[in-house]
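In this text the structure is predicted, and so the values were computed from the model without any measurement.
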Amino acid sequence: QVQLVQSGGGLVQPGGSLRLSCAASGSIFSIYDMDWSRQAPGKQRELVATITSGGSTNYADSVKGRFIISRDNAVNTVYLQMNSLKPEDTAVYYCKADIRTRLREPPRGYWGQGTQVTVST
């Protein structure tokens, strides 16, 4: 069994910062790409940022220069530092990790439970 548990999020004023964390636990052989996506009410889920096992990153244009994705492989955790937050960043944020649980099994995606981020005065 693999679990991804998210923490962080909440209410912040425009221009503020928040940090999200997502810790993977359970029967983990190796973790590959980890990413954050978000879904606002009435909108499709949007991929926000991705980080490979080697640390290479990619960002959606909407967050480039404001958000930073990072990971600590020693504790199987991915982070999303969100700066200069805007009202349009309001959404439920989800982490996802591609995890191999056994040597001879292909990796599959596991999702966190989601966390609400609200940017408002």
Side-chain angles (χ1 to χ4, degrees):
Q1 289 281 8
V2 173
Q3 274 192 317
L4 267 64
V5 178
Q6 297 180 215
S7 59
L11 174 64
V12 65
Q13 292 188 343
S17 297
L18 282 175
R19 190 194 198 205
L20 305 181
S21 299
C22 172
S25 63
S27 180
I28 296 172
F29 182 80
S30 56
I31 302 179
Y32 299 90
D33 289 0
M34 304 181 85
D35 59 57
W36 290 95
S37 58
R38 65 187 181 186
Q39 188 163 22
K43 294 188 177 181
Q44 288 190 330
R45 189 170 294 193
E46 174 191 22
L47 180 62
V48 172
T50 300
I51 185 166
T52 68
S53 57
S56 297
T57 59
N58 270 298
Y59 298 92
D61 288 343
S62 57
V63 306
K64 208 170 286 185
R66 299 188 297 122
F67 289 12
I68 300 171
I69 188 171
S70 61
R71 64 192 284 173
D72 185 341
N73 293 328
V75 291
N76 295 333
T77 299
V78 62
Y79 306 96
L80 186 68
Q81 177 66 41
M82 304 183 291
N83 302 317
S84 302
L85 283 161
K86 305 175 182 180
E88 51 264 43
D89 294 318
T90 296
V92 177
Y93 284 71
Y94 298 91
C95 65
K96 175 179 165 285
D98 295 330
I99 296 175
R100 185 191 301 269
T101 55
R102 296 180 182 179
L103 176 61
R104 287 180 173 80
E105 290 190 2
R108 53 157 287 194
Y110 292 86
W111 290 88
Q113 80 276 19
T115 187
Q116 178 69 45
V117 171
T118 302
V119 185
S120 175
T121 55

**OP:** Show your working on side-chain hydrogen bond (donor to acceptor under 3.5 Å, both in side chains) between Glu88 and Ser62 and close with a plain yes or no.
**Re:** CA-CA 10 Å; Glu88 51 264 43; Ser62 57; over 6 Å; no
[Y] and [X], any side-chain heavy atoms less than 4.5 Å apart:
X: Ile28; Y: Val2; value: yes
X: Leu11; Y: Ser120; value: yes
X: Leu4; Y: Ile99; value: yes
X: Arg38; Y: Thr90; value: no
X: Val63; Y: Trp36; value: no
X: Ile31; Y: Asn73; value: no
X: Arg71; Y: Ser53; value: yes
X: Gln81; Y: Ser17; value: yes

Rounded distance [0.5 Å steps], [atom1] in [X] versus [atom2] in [Y]:
X: Ile69; Y: Ser56; atom1: CD1; atom2: OG; result: 11.5 Å
X: Asn58; Y: Thr52; atom1: CG; atom2: OG1; result: 9.0 Å
X: Ile51; Y: Tyr59; atom1: CD1; atom2: OH; result: 7.0 Å

Main-chain N/O of [Y] paired to [X] side chain as donor or acceptor, under 3.5 Å:
X: Arg102; Y: Phe29; value: no
X: Ser27; Y: Gln1; value: no
X: Tyr79; Y: Ile68; value: no
X: Gln113; Y: Gln6; value: yes

**OP:** Would you tell me whether Gln39 and Ser37 have side-chain atoms, one donor and one acceptor, within less than 3.5 Å of each other?
**Re:** no
Can you name the nearest heavy-atom pair linking [X] to [Y], along with the distance?
X: Asn76; Y: Met34; result: O-CE, 4.3 Å
X: Arg66; Y: Ser84; result: NH1-O, 3.0 Å
X: Leu18; Y: Leu85; result: N-CD1, 3.8 Å
X: Gly9; Y: Thr115; result: CA-OG1, 4.1 Å
X: Gly109; Y: Lys96; result: CA-CE, 4.1 Å
X: Val78; Y: Cys95; result: CG1-CB, 4.4 Å

Subject >> Hydrophobic cluster membership, Trp111 vs Val92, 4.5 Å side-chain cutoff >> reply: yes
Subject >> Salt-bridge criterion met for Asp89 and Lys86 (N-O under 4.0 Å) >> reply: no
Original post:
How are the rings of Phe67 and Tyr93 set to each other: parallel, tilted or perpendicular (split at 30° and 60°)?
Top reply: tilted
Original post:
Is atom CD of Gln44 surrounded by more than 12 heavy atoms (other residues, nucleotides or ligands) closer than 6.0 Å?
Top reply: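 Result for CD/Gln44: open.
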